[in-house]
Protein chains: 2
Amino acid sequence: MHSFQPLSEHDPFACSAHDHRRCQHDALAAAEDACRREGVRLTPIRKRVLELVWASHQPVGAYALLEQLAVDGHRPAPPTVYRALEFLLEQGLVHRIDSLNAFVGCTHPGERHRSLFLICRACGRAQELAAAPIEQVITTEAQRHGFALEKLTLEAVGLCHSCSGS
Amino acid sequence: MHSFQPLSEHDPFACSAHDHRRCQHDALAAAEDACRREGVRLTPIRKRVLELVWASHQPVGAYALLEQLAVDGHRPAPPTVYRALEFLLEQGLVHRIDSLNAFVGCTHPGERHRSLFLICRACGRAQELAAAPIEQVITTEAQRHGFALEKLTLEAVGLCHSCSGS
DNA sequence: TTTGCGACGTTACACTATAACATCGCTTCC
DNA sequence: GGAAGCGATGTTATAGTGTAACGTCGCAAA
């Protein structure tokens, strides 16, 4: 078993310039570790859903996942995949992109963090960035209004460096 | 006709402490002005939808609007209200809250701006804040990754000062 | 062996959104 | 005046997203 490479500095927009099987493999290995540490079960379905989410860096919808699962021969109903996604969300293994109704693998599982997503409207890929500095500004601003912040949705849509032609 | 009071400093979480009819009235007056300036038509349906959106400071779903319209006797089909909302979005008179699939009146119509929304999970109200400082941080961060930012979704969920008991 | 529980299966449905085409009223232009 | 064009709305149907409720199954603890 090779040492797990934290996915932090990965650029999903560097299209063909990266070995994506490595991303997927590392993410699954990290998930196994995380679930073992937490004492929760990464069942075959949950693992398969996570694997499918990590099939690309493009956020993927629940029904697209269902179609992929159908290819395996399973043909589960919607609740099955939603339950798997709920589990993965709770364990911090995937994120939900509200503006797309879609899900994407978390690049920092295990670390407590908030994220900012850069979503390319051309290639559909999303990059997760640590939102710590922004979080600080927003928390302060919220407090100024007596607001106790719990959840944060930070999503930017635009063009990535590959798609803007530069 | 009384002078239009910019809605900027209004606190929607100050529950009963404000005359909400005033909010609604001012928003409609501002919308009339904005549409006249832009040379677009604030038709009866569009105006009514805007009025309903401004019936509270709680983001409201498209189907809830449909139900309200039905009370008037209209009973329009979904496309009618979605078209009205699309128009209001284009004119910058309402915002869509992605994390809620809901719509809320814009408190700064006419001004070019990005917004951060504070959404109380207890009372359901939302406050719109100018996101200029945060936008600056995010734009810079995006540029550092070669990402050309176009749209921004900034939504914070938590407890407002009224609901947290303070 | 029984009991409890977590995970998954299954059915049915609720909620959100849009495509496609019809109609209607208004303006423009000959 | 009549035809053409166009924006707004009506209408029908359907696509896409998400969940409630209940049943089943297997495993572990008592």
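Throughout, a chain's letter reflects where its sequence line sits, starting with A, and its residues are numbered from 1. Please read all numbers here as calculations on a predicted model, not as lab measurements.
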Could you go over nucleotides 8-11 of chain C and give all protein N or O partners under 3.5 Å, atom names and distances?
{"from": "C:dC8", "atom 1": "OP1", "to": "A:Thr43", "atom 2": "OG1", "distance (Å)": "2.4"}
{"from": "C:dG9", "atom 1": "OP2", "to": "A:Thr80", "atom 2": "OG1", "distance (Å)": "3.0"}
{"from": "C:dG9", "atom 1": "N7", "to": "A:Arg83", "atom 2": "NH2", "distance (Å)": "2.6"}
{"from": "C:dG9", "atom 1": "O6", "to": "A:Arg83", "atom 2": "NH1", "distance (Å)": "3.1"}

- Sequence-aligned protein contact record of nucleotides 24-30 of chain D, with B where the base is within under 4.0 Å of a protein heavy atom and S where only the sugar-phosphate is: -------

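Counting to the nearest Å, the C1' atom of C:dA14 and the CG atom of B:Leu66 are 15 Å from each other. Spacing between atom NZ of B:Lys47 and atom C1' of D:dT9 amounts to 18 Å, rounded to whole angstrom units. We find that CG of B:Asp98 is positioned 14 Å from P of D:dT17, with the value rounded to whole Å. Rounded to an integer number of Å, the gap from CG of B:Leu42 to C1' of D:dT9 is 15 Å. A:Leu85 places its CG atom 13 Å from the C1' atom of D:dT19, with the value rounded to the nearest Å. The distance from atom CZ of B:Arg41 to atom C1' of D:dT9 is 10 Å, rounded to the nearest whole Å. Atom C1' of nucleotide D:dG7 and atom CD of B:Glu86 are separated by 13 Å, given to the nearest angstrom. One can place CG of A:Leu89 at 11 Å from P of D:dT19, the figure rounded to the nearest angstrom.
B:Asn101 meets the side-chain hydrogen bond (donor to acceptor under 3.5 Å, both in side chains) test with B:Arg96; sequence neighbours excluded. The ring pair (Phe, Tyr, Trp, His ring centres under 6.0 Å) check on A:His113 picks up A:His95, A:His108, with sequence neighbours excluded.
Taking CG from B:Leu85 and CG from B:Leu65, the interatomic distance works out to 6.0 Å, rounded to the nearest 0.5 Å.
Stacking between A:Tyr63 and the base of D:dT17 is present: ring centres sit under 5.5 Å apart and the planes differ by under 30 degrees.
Between the A:His20 side chain and the A:Trp54 main chain, a donor and an acceptor come within less than 3.5 Å of each other.
For residues 72-93 of chain A, no pair satisfies ring pair (Phe, Tyr, Trp, His ring centres under 6.0 Å), with sequence neighbours left out. Counting only residues at least two apart or on different chains, no ring pair (Phe, Tyr, Trp, His ring centres under 6.0 Å) pair has a member in residues 123-143 of chain B.
Contact of the B:Cys23 side chain with the B:His18 side chain is registered, since non-hydrogen atoms from C-beta on lie closer than 4.5 Å.
By the 4.0 Å N-to-carboxylate-O rule, A:Glu155 lies too far from A:Arg121 to be salt-bridged with it.
Among the nucleotides D:dT19, D:dA8, C:dT16, the one closest to the side chain of B:Tyr82 is C:dT16.
Ring-plane geometry between B:Phe13 and B:His161 is classed as perpendicular, the angle between the planes exceeding 60 degrees on a 0 to 90 degree scale with a lower cut at 30.
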